[in-house]
2 protein chains.
Amino acid sequence: MAKLEDIAKLAEVSPTTVSRVINNYGSLSEKTKSKVFAAMKELNYQPNSLARSLKGKSAKIIGVIFPGVSNPFFGQMVETIENQLFTKGYRIILCNAGNNKEKERAYLRMLIANQVDGIIAGSHNLEIEEYQQVGLPIISFDRYLSENIPIVSSDNYQGGKTAAEILLESGSKNVQIISGANRPNSPTNKRLEGFRKTIEEHDLEFGLTEIKFDASPNIKGMKIKEVLSNNQVDGVFCTDDLTSLLVVQQAKSLGLKIPEDLRLIGYDGTKFIQEFHPELATIEQPIEDIVTLMIDLLLKRIKDPKCQLKQNYVLPVKAIAGETSRRISK
Amino acid sequence: MAKLEDIAKLAEVSPTTVSRVINNYGSLSEKTKSKVFAAMKELNYQPNSLARSLKGKSAKIIGVIFPGVSNPFFGQMVETIENQLFTKGYRIILCNAGNNKEKERAYLRMLIANQVDGIIAGSHNLEIEEYQQVGLPIISFDRYLSENIPIVSSDNYQGGKTAAEILLESGSKNVQIISGANRPNSPTNKRLEGFRKTIEEHDLEFGLTEIKFDASPNIKGMKIKEVLSNNQVDGVFCTDDLTSLLVVQQAKSLGLKIPEDLRLIGYDGTKFIQEFHPELATIEQPIEDIVTLMIDLLLKRIKDPKCQLKQNYVLPVKAIAGETSRRISK
DNA sequence: AATTAATTGTCAAACGTTTGACAATTCCAA
DNA sequence: TTGGAATTGTCAAACGTTTGACAATTAATT
């Protein structure tokens with residue numbers, strides 16, 4: 001590995017000058033600059049980023065903590081984060097916290113040890129006290145972490161409301177919401193609230209089924225089957241699209257026709273779902289915008305750690321029409 | 001941020017001793033060790049990983065280069081890599097190369113500058129000469145990169161063969177393979193070969209449709225529609241499961257019943273597909289094993305950069321039965 | 001008590017940079 | 001030609017560790 005000194009020798013200048021060229025510091029003639037650049041090219045030189053960061057230069061690395069990336073929603077999220085950060089010159093360390101508090105803690109410590117510039121967190125493990133003490137800029141997606149950590153989320157309340165409206169418009173009277181188990185302080189609870197409010201405004205009732213986020217699909221399937229067969233449910237709102245897919249599966253196996261017997265709407269609206277399951281009605285979260293905003297806020301905090309940010313940033317959702325919520329004329 | 005010196009003061013020992021405790025170097029009494037550990041705990045100390053790596057200690061970071069993580073196959077792959085590496089004390093820098101050669105190059109240089117311990121690459125951009133010169137341990141997934149970079153892949157030939165057999169057994173006579181555009185040197189070509197061999201052994205012919213990996217789903221859909229409507233195709237092998245989903249979509253819109261009118265088998269068999277689309281027949285790649293092997297090889301190379309490894313490692317695939325390839329009795 | 005072994009301390013160099021102070025050189029214009 | 005500015009060089013300290021040489025202290029063994 002070529003080092004600064006080697007460049008200096010080749011370009012016949014002093015090491016200091018090379019460093020000056022790299023950091024554009026002090027006054028330099030065009031001639032030296034180009035000599036140095038040429039030498040850098042010739043030796044395929046890359047400044048040692050460790051040494052630079054040690055001297056206080058930022059390493060340009062962001063830690064990204066999510067439950068995982070095999071779920072298409074988080075996959076798209078992380079991919080978008082990576083893409084946008086890349087164009088700004090940042091790299092990411094991927095931290096899949098799963099539903100493992102210890103792992104999340106370990107990652108948090110590691111990120112600190114590695115002197116990352118900031119953290120974007122969207123994990124599901126709450127009550128990680130450590131977040132309060134991390135002396136690093138953090139932005140959270142859709143989860144409450146601590147007092148002064150801004151949360152960016154989509155308009156969960158409006159999302160729940162819209163989902164309810166669509167189900168009602170589609171002619172459903174007996175609706176059901178299937179959601180992940182609720183955590184206190186989680187903004188996703190608002191989906192439920194918005195949904196409830198709307199249903200109650202129409203003087204109707206609804207059933208609530210909670211299924212743990214991390215349950216196996218078989219277990220989830222079983223619970224869904226119960227829901228669909230015990231009641232005369234004719235409308236279902238799933239708080240994520242994958243659960244919608246399971247509902248489709250179970251409905252089929254029960255001989256229920258969608259949308260004739262049962263209307264269905266999901267949540268998230270990833271590119272994946274829109275492209276490979278355009279029949280699914282869903283509420284789309286503006287992933288691109290969410291990421292843009294998170295990164296914007298994070299970089300602001302990185303530039304000025306004391307800059308004041310709001311605690312909550314809410315972005316609008318969009319209803320995606322789909323066959324599964326088509327209005328049925330009886 | 002507490003540093004080594006602070007620990008030394010608190011534990012009332014010399015900085016050297018602290019370092020010795022951390023690195024378990026030289027002889028140390030239990031008493032001092034525990035004093036130091038206590039101090040470390042009290043100050044919540046994390047050795048500065050940059051400084052350590054500068055001094056030659058490994059940073060315990062692996063670069064992971066894939067096209068992206070929004071695709072469930074790569075998502076699961078990367079998630080598995082991350083999980084397994086975590087338990088071995090390594091972290092990962094996620095590099096989504098997309099189909100962007102420049103980005104991949106930039107990432108490669110960055111990984112070198114950041115002194116990562118090794119690289120796992122599964123990108124789709126071939127002809128990146130730089131791979132030859134990277135002085136780092138690299139393992140590749142399913143792609144040829146350069147002479148001495150081991151490739152781990154599933155048994156593509158056998159996979160293609162099995163897919164063909166299943167289609168034939170299901171009663172299809174007029175089969176079609178829909179694959180990503182072929183790249184020279186790519187092991188995935190073997191899927192095609194295995195398929196061809198088997199079909200020809202049965203004195204049948206087959207059609208080949210190539211669709212660029214990165215085409216939009218709409219374009220892909222259109223091409224698939226053409227294939228399904230122009231020919232009297234009654235069996236389709238897609239070289240990935242997502243394309244299978246598109247075939248299901250198009251078949252439905254054309255009024256073709258699966259499996260009655262058309263049998264279908266895909267490739268990859270991610271957890272996602274198996275759980276959310278159990279009706280899809282597919283050839284499962286043993287992701288877990290692939291990752292285990294890649295990491296095993298990589299860590300070997302990291303320990304001993306000169307250790308001899310084979311150029312190719314091939315792991316067996318498994319046929320996953322599904323409704324879409326059910327035998328039809330006419 | 002004398003000898004040896006184990007433990008800890010002091011000191012300094014090194015890893016590859018950045019950056020400041022200062023001096024030396026070159027260049028250009030009046 | 002001289003003065004001042006622009007450019008480059010030398011030198012050294014710093015970032016937070018690791019590690020070796022060596023000396024000093026303490027503990028264990030006879």
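Every heavy atom of this structure was used, including side-chain atoms; hydrogens, water molecules and symmetry mates were not.
Considering only the side chain of V13(B), dG9(C) comes nearest among dG16(D), dG9(C), dT8(D). Ranking dG16(C), dG20(C), dT17(D) by closeness to the R20(A) side chain, first place goes to dG20(C). Here the side chain of T17(A) is nearest to one of dT17(C), dT8(C), dG9(D), namely dG9(D). Ranking dT19(C), dT17(C), dT8(C) by closeness to the S27(B) side chain, first place goes to dT8(C). Comparing dT17(C), dT18(D), dT8(D) by their nearest atom to the side chain of I22(B) picks out dT18(D). Nearest nucleotide to the S29(A) side chain, out of dT17(C), dT7(D), dG16(D): dT7(D). Candidate nucleotides dG16(D), dG20(C), dT8(D) were compared by shortest atom distance to the side chain of Y25(A), and dG20(C) ranks first.
Comparing the start and finish of the helix from dA2(C)-dT29(D) to dA30(C)-dT1(D), five pairs each, the helix axis swings through 30°, to the nearest 10 degrees.
Considering only side-chain N and O atoms, N23(B) lies under 4.0 angstrom from the phosphate OP1 or OP2 of dT18(D). The shortest distance between the side-chain N/O atoms of S19(B) and the OP1/OP2 oxygens of dT17(D) is not below 4.0 Å. Taking 4.0 angstrom as the limit, K57(B) places none of its side-chain polar atoms (N or O) nearer than this to OP1 or OP2 of dG16(D).
E12(A) comes within 4.0 angstrom of the backbone, heavy atoms only, and of no base.
Residue whose closest nucleotide on DNA chain C sits further toward the 5' end, between P47(A) and T32(B): T32(B). Across the interface with DNA chain D, nearest-nucleotide mapping of T16(A) and E30(A) shows E30(A) to be the residue nearer the 5′ end. Toward the 5' end of DNA chain D, the nearer of the two residues Q46(B) and K31(B), judged by each one's closest nucleotide, is Q46(B).
Side-chain atoms of S146(A) and Q132(A) form no donor-acceptor pair, as typed in the model, at a separation below 3.5 Å. A donor and an acceptor atom, one from each side chain of N44(A) and R109(B), are located under 3.5 Å apart.
Counting to the nearest Å, the C1' atom of dT10(C) and the CG atom of L4(B) are 15 Å from each other. Per the geometry, CG belonging to L50(B) stands 15 Å off C1' belonging to dT18(D), to the nearest Å.
Checked against the 6.0 Å centroid threshold, F272(B) and F272(A) count as a close aromatic pair. Taking the six-membered ring for Trp and the full ring otherwise, F86(A) and Y107(B) have centroids separated by under 6.0 Å.
Look at E82(B) and K103(A) and you find a salt bridge, because one of the NZ, NE, NH1 or NH2 atoms lies within 4.0 Å of a carboxylate O, short of that distance. In summary, E104(A) and K101(A) do not engage in a salt bridge, as defined by a charged side-chain N under 4.0 Å from a carboxylate O.
For the atom pair S123(A) OG and N99(A) CG, the distance stands at 10.0 Å (nearest 0.5 Å).
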